[in-house]
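Structure, as structure tokens:
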Amino acid sequence: MISVKKYLKDPCNSLSMPYWKAKKTSLRSDTIIVHQTKYDEVLYREWHDTLYFRIQHDLLNLTSRKLSDNFFYKTVDEEQINDVVTVINQSNEEQEITKNDVIHWMREETYCKDLWILVYSKRNYKYDKINKVKIYMPVAVVISNFDKSTKEASFELLHVIPTYRKNGLATSLIKESLLRISCIADFATVTGKVETPENIYDLYKKCGFTGDAIWHVLRKK
């Protein structure tokens, strides 16, 4: 494991994941991670190869992007855990999470409440006749972590329910997160698959992230 000092010189090219996560991650025996500069197609031809990008934001020249009048933000607390589960499971076809998963994430040492943000639709709600309140539908969520040892904030997930995409919600959530992150961190990073239907790489680039680090996650066939 490299030192914090060395990591901070070039975070995205030094490790394939945030420093705090790399410290506690143990790879399976059939998995290796290789930086693009050290990747040899011939050497690894017997391996399944998935490409991941890693880019960062210096938190300078930030701009906000307000939500339309049809939506509003809410910082996640224990009462919204089920809403987080709802958004992720309705947005992500690769895996399904549970309430216990979210509670586990909240127990991480890098958990930062202010960096868990939900978006709700004002137009889609149920009326609670007993308490006489509107229960709005959650439609998008972003979760970031903050590592005090490196002053790094890392975007962990960003999901928008499919029927609510193309409303600028993802961009708004990223920019709102960056504004909050800038109050506590020195920089922000994000890691994700190079090939995704949502073109997540381009989305973060448009929001001011820079860099071109590529990592190969290789698994034995």
Side-chain angles (χ1 to χ4, degrees), residues 1-29 31-33 35 52-60 62 73-89 91-92 94-119 138 140-159 170 173-193 200 204 207-209 211 213 215 217:
M1 184 66 183
I2 66 174
S3 67
V4 170
K5 184 177 181 180
K6 184 175 181 180
Y7 173 74
L8 291 176
K9 287 182 179 180
D10 190 1
C12 295
N13 284 300
S14 296
L15 291 173
S16 63
M17 63 189 75
Y19 188 84
W20 69 268
K21 191 177 291 186
K23 284 194 304 182
K24 67 173 194 172
T25 298
S26 297
L27 293 180
R28 291 169 26 172
S29 59
T31 302
I32 57 175
I33 301 177
H35 190 274
Y52 284 80
F53 66 83
R54 189 147 195 257
I55 51 181
Q56 72 182 71
H57 200 295
D58 59 12
L59 304 178
L60 300 176
L62 297 178
Y73 294 122
K74 188 171 182 62
T75 301
V76 177
D77 57 29
E78 291 184 1
E79 294 181 359
Q80 283 80 48
I81 290 178
N82 287 331
D83 290 345
V84 172
V85 173
T86 295
V87 173
I88 294 175
N89 287 343
S91 308
N92 186 8
E94 294 185 1
Q95 66 181 50
E96 186 170 305
I97 68 162
T98 66
K99 183 176 181 179
N100 286 335
D101 291 325
V102 178
I103 292 173
H104 175 72
W105 299 342
M106 287 181 163
R107 290 175 179 166
E108 292 279 5
E109 62 179 356
T110 51
Y111 166 69
C112 181
K113 179 181 178 181
D114 288 341
L115 304 185
W116 286 49
I117 311 169
L118 277 161
V119 171
V141 66
V142 64
I143 293 176
S144 303
N145 285 328
F146 174 60
D147 181 6
K148 294 179 181 178
S149 70
T150 58
K151 296 292 184 181
E152 172 186 8
S154 53
F155 282 75
E156 298 300 324
L157 62 82
L158 172 64
H159 289 297
L173 276 171
I174 293 172
K175 292 191 173 184
E176 174 67 17
S177 296
L178 289 171
L179 288 172
R180 297 188 185 195
I181 286 168
S182 67
C183 296
I184 57 175
D186 290 340
F187 66 102
T189 61
V190 63
T191 305
K193 287 184 179 180
I200 196 72
Y204 279 100
C207 290
F209 282 77
W215 291 85
V217 177

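All residue numbers in this chain count up from 1 along the given sequence.
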Residues that Arg28 engages under side chain to side chain contact (heavy atoms under 4.5 Å, CB included), provided they are two or more places apart: Asp30, Thr31

pair Val119-Val141: side-chain heavy atoms closer than 4.5 Å: no

Atom pair CG/SG of Leu115 and Cys183 - distance to nearest 0.5 Å: 9.5 Å

Pairwise side-chain contact, Lys113 with Val76, heavy-atom cut-off 4.5 Å (strictly under): no

Shortest non-hydrogen contact between Leu62 and Leu178, atoms and distance: CD1-O, 3.5 Å

Listed partners of Asn13 passing side chain to side chain contact (heavy atoms under 4.5 Å, CB included), at least two apart: Asp10, His35, Ala213

Reported CD1-to-CG distance for the pair Ile174 and Leu179, which is rounded to 0.5 angstrom: 12.0 Å

Inter-residue atom distance Ile143.CD1 - Met106.CE, 0.5 Å rounding: 7.5 Å

Nearest atoms (heavy-atom pairs only) where Gln56 meets Pro11: OE1-CD, 3.6 Å

Residue pairs fulfilling salt bridge (Lys or Arg N to Asp or Glu O under 4.0 Å) with at least one residue in residues 149-159, sequence neighbours excluded: Lys21-Glu156, Arg54-Glu152

Between CG on residue Leu27 and CD1 on residue Ile33, distance to nearest 0.5 Å: 4.5 Å

Within-4.5 Å side-chain heavy-atom neighbours: Thr98 and Val85: no

Straight-line distance of Tyr52 OH to Thr191 OG1, nearest 0.5 Å: 10.0 Å

Sub-6.0 Å ring centroid separation between Phe209 and Phe53: no

Where Ile88 and Leu157 come nearest, the two heavy atoms and their spacing: CD1-CD2, 3.8 Å

Lys175, NZ: over 12 other non-hydrogen atoms inside 6.0 angstrom: yes

Any Val190 side-chain heavy atom under 4.5 Å of Ser154 side chain: no

Heavy-atom side-chain contact between Leu173 and Phe155 under 4.5 Å: no

Over 12 non-hydrogen atoms of neighbours within 6.0 angstrom of NZ in Lys6: no

Leu8: partners by side chain to side chain contact (heavy atoms under 4.5 Å, CB included), with sequence neighbours left out: Val4, Thr150, Phe187

Check: Trp20 and Thr110 side chains under 4.5 Å, non-hydrogen atoms: yes

Donor-acceptor under 3.5 Å (Tyr19 side chain, Ile2 main chain): yes

Over 12 non-hydrogen atoms of neighbours within 6.0 angstrom of CD in Glu109: no

Side-chain ion pair, Glu108 and Lys24, N-O less than 4.0 Å: yes

Partner residues of Tyr111 under the ring-ring contact (aromatic ring centres under 6.0 Å, His included) criterion, sequence neighbours left out: Trp116

Leu59 versus Ser182, closest heavy-atom pair with distance: CD1-CA, 3.9 Å

For Ile103, all residues meeting side chain to side chain contact (heavy atoms under 4.5 Å, CB included), sequence neighbours excluded: Ile81, Lys99, Asn100, Arg107

Any Tyr204 side-chain heavy atom under 4.5 Å of Leu158 side chain: yes

Verdict with supporting geometry, Arg180 and Ser144, side chain to side chain donor-acceptor pair (under 3.5 Å): CA-CA 10 Å; Arg180 297 188 185 195; Ser144 303; over 6 Å; no

Distance (rounded to the nearest 0.5 Å) between Thr25 OG1 and Met1 CE: 8.5 Å

Contact summary for Glu176 and Tyr73, nearest pair of heavy atoms: CB-OH, 3.7 Å

